[in-house]
Amino acid sequence: MKITALSKQAQEELLALLKGRNPASYTKQQAAVDAIIANVRDSGDAAVLSYEKQFDRADLTKETLRVTKEEMEEAYRELDPAFVETMKKAAANIRNYHEKQVQQSWITTRPDGSILGQKVTPIASSGCYVPGGRAVYPSSVLMNIIPAKVAGVSRIVMCTPPNAQGKCPAGSLVAADIAGCTEIYKVGGAQAIAAMAYGTETIPKVDKITGPGNIYVALAKKACFGITGIDSVAGPSEILVIADETANPRYIAADLLSQAEHDPMASAILLTTSGELAEKVSDEIDGFLKTLSRAEIIRQSLDNYGHLFVGETMDDLVDAANAIASEHMEIVTKNPFEVMTKIKNAGAIFLGSYSSEPLGDYFAGPNHILPTNGTARFFSPLGVDQFIKKSSIISYSRDALASCAEDIERFAENEGLTAHANSIAVRFEDGE
């Protein structure tokens, strides 16, 4: 990999390059996505089944669209029991972590007779999209469904594309069962998002759709926002490593490649104060590429979005990292906790040599559905909060309202909303 000095110009060029991967910039696919959404909205199951035959080569019917109990039992038989147990352990860690996020309703009273509060209610239904394609990700199934279950969502739907024989990956099915999914449908792509957003004769409309997918899925989620809720418009995977001369170059190289193997558009970036470390990392990457099974995808990713930057000071690295706002950020320095306090923008932060990014992907417990494309500046990881809604509670006595009626009327009149002012004034027309 090419080693570059971390200058202001280099940083700006990198940000422009990464910004070009944002799904919102891929407008040429939007017309096709909009057509699919409109067809599913208007024709329901018929459109979904037609698209499944066209895109996934699966000849399904209304009766075979939903995964059956027998298919779930078959999926369990296909998997190595040891892997099933591993998924159960991971699920327990994910569940324990997300249970800490649960919020409670609250009420507060004041001496003047006013009562204020907040009512926390889970959404009624959620839809989890699980992609197929280059790889199957049971881990994403756990990460999408468990927070919804912890939040108290009663109906959790999953859509995932089948193969040409109409079968869904066993790992995804079993993970969904472990996580607590209530319904699974054999449908992928933009048609799956449209089906969950608008509902069909077979697939129920849901209140929120979460989960990653290709550009067509991302654009479909964007187009359906407002009809249903979404977590975010996800982009390609990202990893950024901040390291100093104390870091192990072999570990750093391995971690960069762990994200580069996802997708030719994935980004893998090292920011370091050590030119020697950058050179060693580059050498280690060359060595790993001789043995890794997804080497071709990794090479494309590194050629397009792989960078090794050498900066003068740790503060320079931190400034660049905050500007990039990476999905995954590893800090491998002499004192990673000190550096971490300066980080403002990151989806997930991994501290120290033994907190490798795949630990978060699979097992530690925090969610791996994370903000991408710089959206960590204003988005958070998927969690329980995304599956609840909050209702404000307001109750005032006559005396409490009287104490602020004049202020409310003044506010309303200032905004030219006389009916607002009148709504307060009529309550005191008797002059008491």
Student check: side-chain heavy atoms of Leu18 and Asn373 closer than 4.5 Å:
no
Main-chain N/O of Ala58 paired to Lys53 side chain as donor or acceptor, under 3.5 Å
no
Below 4.5 Å, heavy atoms only, C-beta onward: do Tyr305 and Gln259 meet side chain to side chain?
no
Side chain to side chain contact (heavy atoms under 4.5 Å, CB included) between Ile37 and Cys224: does it pass, once the steps are laid out?
CA-CA 8 Å; Ile37 293 172; Cys224 289; 3.9 Å; yes
Measure the OG1-CG distance between Thr4 and Leu14 for me, rounded to the nearest 0.5 Å.
9.5 Å
Quick one about Thr200 and Asp45 (side-chain donor to acceptor, distance below 3.5 Å, no hydrogens or angles considered), yes or no?
yes
To the nearest 0.5 Å, what is the distance between CG (Asn304) and OG (Ser267)?
11.0 Å
Is there side-chain contact between Leu79 and Met87, with heavy atoms separated by less than 4.5 Å?
yes
Could you state the interatomic distance from CZ (Phe350) to CE (Met340), rounded to the nearest 0.5 Å?
13.5 Å
Between Thr333 and Thr246 the two heavy atoms that sit nearest each other are C-OG1, 3.6 Å
Is there a donor-acceptor pair closer than 3.5 Å between any side-chain N or O of Lys221 and the backbone N or O of Gly211?
yes
Determine, for Lys280 against Glu276, whether the closest basic-nitrogen to carboxylate-oxygen distance falls under 4.0 angstrom.
yes
Determine, step by step, whether Leu308 and Leu256 satisfy the side chain to side chain contact (heavy atoms under 4.5 Å, CB included) criterion, reporting the C-alpha distance in whole Å, the side-chain angles of both residues, the deciding distance to 0.1 Å, and the verdict.
CA-CA 10 Å; Leu308 306 177; Leu256 292 172; 4.1 Å; yes
Minimal heavy-atom distance between Ala176 and Met158, with the atoms involved, is CB-SD, 3.8 Å
Donor-acceptor contact present, side-chain Glu330 to main-chain Glu357, <3.5 Å:
yes
Are Val130 and Asn144 side-chain neighbours, meaning at least one heavy-atom pair lies under 4.5 Å?
no
Test applied, side chain to side chain contact (heavy atoms under 4.5 Å, CB included); reference residue, Phe387; option that passes from Asp231, Thr210, Ile156, Val150
Thr210
Over all heavy atoms of both residues, which pair between Lys389 and Pro122 is shortest? Give the atoms and the distance, please.
CE-O, 4.3 Å
Give me the atom names and distance for the closest heavy-atom approach of Pro336 to Leu351.
O-CD2, 3.9 Å
So, Thr121 and Lys119: side-chain donor and acceptor under 3.5 Å apart, yes or no?
yes
Checking Thr272 against Ile252 for the side chain to side chain contact (heavy atoms under 4.5 Å, CB included) test, could you report, in this order, the C-alpha distance in whole Å, the side-chain angles of both residues, the deciding distance, and whether it holds?
CA-CA 11 Å; Thr272 181; Ile252 302 299; over 6 Å; no
Pairs in or reaching into residues 64-75: which pass salt bridge (charged side-chain N to carboxylate O under 4.0 Å, His left out), with residues at least two apart or in two chains?
Glu71-Lys186, Glu74-Lys167
Exam field: side chain Asn96 to backbone Ala92, donor-acceptor pair closer than 3.5 Å
yes
Output side-chain donor-acceptor pairs under 3.5 Å for residues 378-385, partner residues at least two apart or in another chain, one line each.
residue : atom : partner : partner atom : Å
Asp385  : OD1  : Gln103  : NE2          : 2.7

Please tell me if the side chains of Thr372 and Pro236 come closer than 4.5 Å, counting only heavy atoms from C-beta onward.
no
What's the verdict on side-chain hydrogen bond (donor to acceptor under 3.5 Å, both in side chains) for Gln30 and Asp34, showing C-alpha distance, side-chain angles and the deciding distance?
CA-CA 6 Å; Gln30 190 67 61; Asp34 290 344; 2.9 Å; yes
Nearest 0.5 Å, what's the CD1-CD distance between Ile298 and Glu261?
5.5 Å
Can you check whether Met1's main-chain N or O pairs, donor with acceptor, with Ser282's side chain at less than 3.5 Å?
yes
Less than 4.5 Å apart, side chain to side chain, heavy atoms only: is that true for Phe309 and Ile269?
yes
Quick one: does Gln300's side chain have a donor or acceptor within less than 3.5 Å of a partner on Met265's backbone?
no
For Cys181 and Ile145, which heavy atoms make the closest approach, and how far apart are they?
CB-CD1, 3.7 Å
Measure the spacing between SG of Cys159 and OH of Tyr185 and express it to the nearest 0.5 Å.
8.0 Å
So, do Tyr129 and Pro161 sit near enough that their side-chain heavy atoms are less than 4.5 Å apart?
yes
For residues Glu238 and Ile324, determine if any side-chain heavy atom of one lies less than 4.5 Å from a side-chain heavy atom of the other.
no
Can you measure from OG1 (Thr160) to CG (Leu173) and round to the nearest 0.5 angstrom?
7.5 Å
Counting neighbours of CZ on Phe411 that are heavy atoms of other residues, nucleotides or ligands and sit closer than 6.0 Å, is the number greater than 12?
no
Can you name the nearest heavy-atom pair linking Arg21 to Ser237, along with the distance?
NH1-O, 3.7 Å
Main chain of Gln386, side chain of Lys208: is a donor-acceptor contact present, judged purely on distance under 3.5 Å?
yes
Other residues, nucleotides and ligands only: do more than 12 of their heavy atoms fall within 6.0 Å of CZ on Phe363?
yes
Mind running side-chain hydrogen bond (donor to acceptor under 3.5 Å, both in side chains) on Asp255 and Ser356 for me, showing each step along the way?
CA-CA 7 Å; Asp255 292 353; Ser356 174; 3.0 Å; yes
For Ile115, is there any backbone N or O sitting under 3.5 Å from a side-chain donor or acceptor partner on Thr109?
no
Passes side chain to side chain contact (heavy atoms under 4.5 Å, CB included), Val310 versus Leu6? Steps please.
CA-CA 5 Å; Val310 179; Leu6 182 62; over 6 Å; no
Determine yes or no for a side-chain-to-main-chain donor-acceptor pair under 3.5 angstrom, with Asp244 supplying the side chain and Thr273 the backbone.
no
Quick one: does any side-chain atom of Thr291 pair with a main-chain N or O of Phe288 as donor and acceptor, under 3.5 Å?
yes
